[in-house]
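Structure, as structure tokens:
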Amino acid sequence: MSGLFIKKKSAVTPRRRRAEGNDAEATSQKRKKTKDTHLREEIESDSDTEIAPARTKPKQDEEEYLEETAQEKKLRLAKEYLKQLQQQEEEQKEDEDQDQNAIANRLQEDVLEQRGRLQRPLAKELLPPEPSEIRLLRGHQGPITCLVISPDDSYLFSGSKDCSIIKWSVSDGKKMHKIPGGRKGTESTHVGHTGHVLCMALSSDGKYLASGDRNKLIFIWDPVTCQNLHKFQGHRDAVSGLSFQKGTHQLFSASHDRSVKVWNVAENAYIETLFGHQDVITGLDSLSRERCVTVGGRDGTMRIWKIAEETQLVFSGHEESSLKGESLSHSVTSVSPQIGGPARRGSIDCVRLINEEHVVTGADDGSLALWTVGKKKPLTQVKCAHGSHGDAGLEQPYWICSVAAALNSDVVASGSHDGFVHVWRCGEGFRSLSPLWTIPLVGFINSLQFSSSANFLVAGVGQEHRLGRWWRKKEARNGLYIIPIKRTLVLGS
């Protein structure tokens with residue numbers, strides 16, 4: 001090995017020595033240059049340190065944070081977060097006790113509501129509104145036919161004979177969005193209604209808006225963006241009523257084809273069709289139970305459809321009916337004998353559930369009726385609730401065009417074309433109806449709805465009836481009227 005080493009050493013030539021000398025000199029200069037650079041950086045660093053302000057954090061804490069591991073840092077931040085939570089919990093301790101009581105009360109109310117026994121005595125607290133406080137929202141070119149208020153009372157939708165739908169802000173009355181209507185013949189290209197919009201419904205979680213029209217179609221919309229989500233087809237005539245089962249996305253629809261259909265909107269699915277009415281269905285409503293209530297125009301009946309049991313209850317009572325011996329399984333029926341020919345049969349045009357056990361209906365004979373699901377006849381009935389018109393001896397009652405109910409309360413409202421909205425008080429056990437006050441509004445009151453809080457009432461008004469053109473009131477203004485409802489404090493309430 002030594003011989004080899006010596007051999008390699010002796011192989012170095014003078015030329016190579018000169019090259020190595022040059023490399024060593026270059027390396028020495030490079031080191032000197034690097035040293036000078038480091039010296040300048042140190043001088044600049046010292047200068048910066050002198051100019052920078054003194055740090056507020058102690059040096060000891062700084063060294064601790066520098067030395068802690070990632071795991072220790074996570075632990076420290078978690079402890080700080082828990083300390084903040086503990087402080088917030090102590091501050092909100094009193095509020096939590098109140099929240100627990102509120103939750104218990106809410107659960108109790110839900111149980112009573114399911115049983116139809118929850119009742120808020122609002123009538124004694126309400127005061128009539130000042131006419132100057134009523135707001136008019138205009139935007140439709142045709143008569144308003146239907147409306148629906150959002151669950152939080154912040155916005156509402158209106159439908160019209162001009163085939164359009166408008167979303168309104170309740171607070172300032174401004175238009176938030178408009179879904180324009182299309183012309184007849186553009187059904188294949190236009191996204192939206194091309195026939196009169198007759199009914200609307202909003203799911204209780206505010207996720208889906210449904211609208212039905214005279215062209216037999218049901219459109220499903222996103223209430224936030226007003227984008228079309230789906231279109232249901234299946235009815236053979238105009239869709240006249242829509243309602244979501246509360247707490248679900250199950251939709252009930254009624255039609256002039258005399259049928260009720262059930263849909264699952266979340267899955268864009270058809271479920272079933274129910275038959276029983278002998279005339280066009282003019283109104284529909286539902287609440288939390290898996291059932292809906294409908295009125296069948298001139299067949300003179302109100303029906304409650306029990307979806308799970310596949311049965312229906314039949315009620316009659318606005319006017320004597322000429323139907324003979326109609327009988328259905330598990331049904332409440334009414335048989336009216338024919339004496340001297342068929343009796344006059346009024347058309348029950350509107351219906352609204354007050355709670356799970358009680359219903360209010362209105363008819364074109366001018367009568368307003370209260371019902372309970374356990375009796376086949378009305379608990380009470382007011383004839384010519386809005387008065388009558390016409391020459392002496394030829395008087396005709398004002399049709400009841402719409403009804404509304406403050407949910408789970410003793411207050412209902414009715415609309416006609418006599419120039420007033422009538423607000424009524426339901427007596428004990430819903431066995432009587434007494435007038436509270438009236439609100440002057442000119443035109444056909446085609447739709448009425450109380451807000452969830454019962455702080456305001458919205459009326460959809462048109463120059464024509466929502467289902468036809470029998471009369472026209474030119475002095476009326478097509479639009480929405482937002483009617484604020486004041487309350488007074490009652491001792492002992």
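The first residue in the sequence is number 1, and the count goes up from there. Below, each value reflects all heavy atoms present in this structure, side chains not excepted, and no hydrogens, waters or symmetry copies.
- Enclosure of atom CD in Glu475 by more than 12 non-hydrogen atoms of other residues, nucleotides or ligands within 6.0 angstrom is indicated.
- Of the possible polar contacts, one joining the Ser243 side chain to the Ser286 backbone as a donor-acceptor pair under 3.5 Å is found.
- Side chains of Ser253 and His235: a donor-acceptor N/O pair is present below 3.5 angstrom, by distance only.
- No side-chain donor-acceptor contact under 3.5 Å links His230 to the backbone of Ile220.
- If you run side chain to side chain contact (heavy atoms under 4.5 Å, CB included) between Leu370 and each of Ser432, Pro378, Cys426, only Cys426 comes through.
- A donor-acceptor distance shorter than 3.5 angstrom exists from the side chain of Asp162 to the backbone of Gln141, with no hydrogens or angles considered.
- To the nearest 0.5 Å, atom CZ of residue Arg289 and atom NZ of residue Lys246 are 12.5 Å apart.
- For the 3.5 Å distance criterion, the side chains of Asn478 and His140 fail to qualify, holding no donor opposite an acceptor.
- A salt bridge is absent between Arg298 and Asp279; no separation between the charged side-chain nitrogens and carboxylate oxygens falls under 4.0 Å.
- Taking the six-membered ring for Trp and thresholds of 30 and 60 degrees, His389 and Tyr398 have ring planes inclined between 30 and 60 degrees apart.
- Residue Lys207 holds its NZ atom at 13.0 Å from CG of Leu202, rounded to the nearest 0.5 Å.
- Remark: side-chain polar atoms of Glu395 are not paired, donor with acceptor, to backbone N or O of Ser388 under 3.5 angstrom.
- Cation-pi contact between Lys167 and Tyr155: present, with separation from the ring centre below 6.0 Å and deviation from the ring axis of at most 45°.
- Heavy atoms of other residues, nucleotides or ligands lying less than 6.0 angstrom from NZ of Lys216 number 12 at most.
- The aromatic rings of Phe430 and His358 lie parallel to each other, with less than 30° between the two planes, well short of the 60° mark.
- With values rounded to the nearest 0.5 angstrom, Leu127 atom CG is found 9.5 Å from Glu125 atom CD.
- Heavy atoms of other residues, nucleotides or ligands lying less than 6.0 angstrom from NZ of Lys175 number more than 12.
- For the residue pair Ser434 and Trp424, no side-chain donor N or O sits within less than 3.5 Å of a side-chain acceptor on the partner.
- Distance check: Ile281 CD1 to Gln278 CD gives 10.5 Å after rounding to the nearest 0.5 Å.
- Distance check: Thr273 OG1 to Arg258 CZ gives 15.5 Å after rounding to the nearest 0.5 Å.
- Rounded to the nearest 0.5 Å, atoms CH2 (Trp437) and CG (Leu126) are 5.5 Å apart.
- Annotation for Glu310: atom CD does not count as buried by contact number, only 12 or fewer foreign heavy atoms lying within 6.0 Å.
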Considering only distance and modelled atom types, tabulate donor-acceptor pairs under 3.5 Å from the side chains of residues 440-451, sequence neighbours left out.
residue : atom : partner : partner atom : Å
Asn446  : OD1  : Arg466  : N            : 3.0
Asn446  : ND2  : Ile144  : O            : 2.9
Asn446  : ND2  : Glu464  : O            : 2.9
Ser447  : OG   : Leu147  : N            : 3.4
Ser451  : OG   : Ser453  : OG           : 3.4
Ser451  : OG   : Ala454  : N            : 3.2
Ser451  : OG   : Asn455  : N            : 3.1
Ser451  : OG   : Phe456  : N            : 3.3
Ser451  : OG   : Phe456  : O            : 3.3

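- Panel note: side chain His193, backbone Asn215; no donor-acceptor pair is recorded below 3.5 Å.
- Within the 3.5 Å criterion, the main-chain N or O of Leu122 finds a donor-acceptor partner in the side chain of Asp410.
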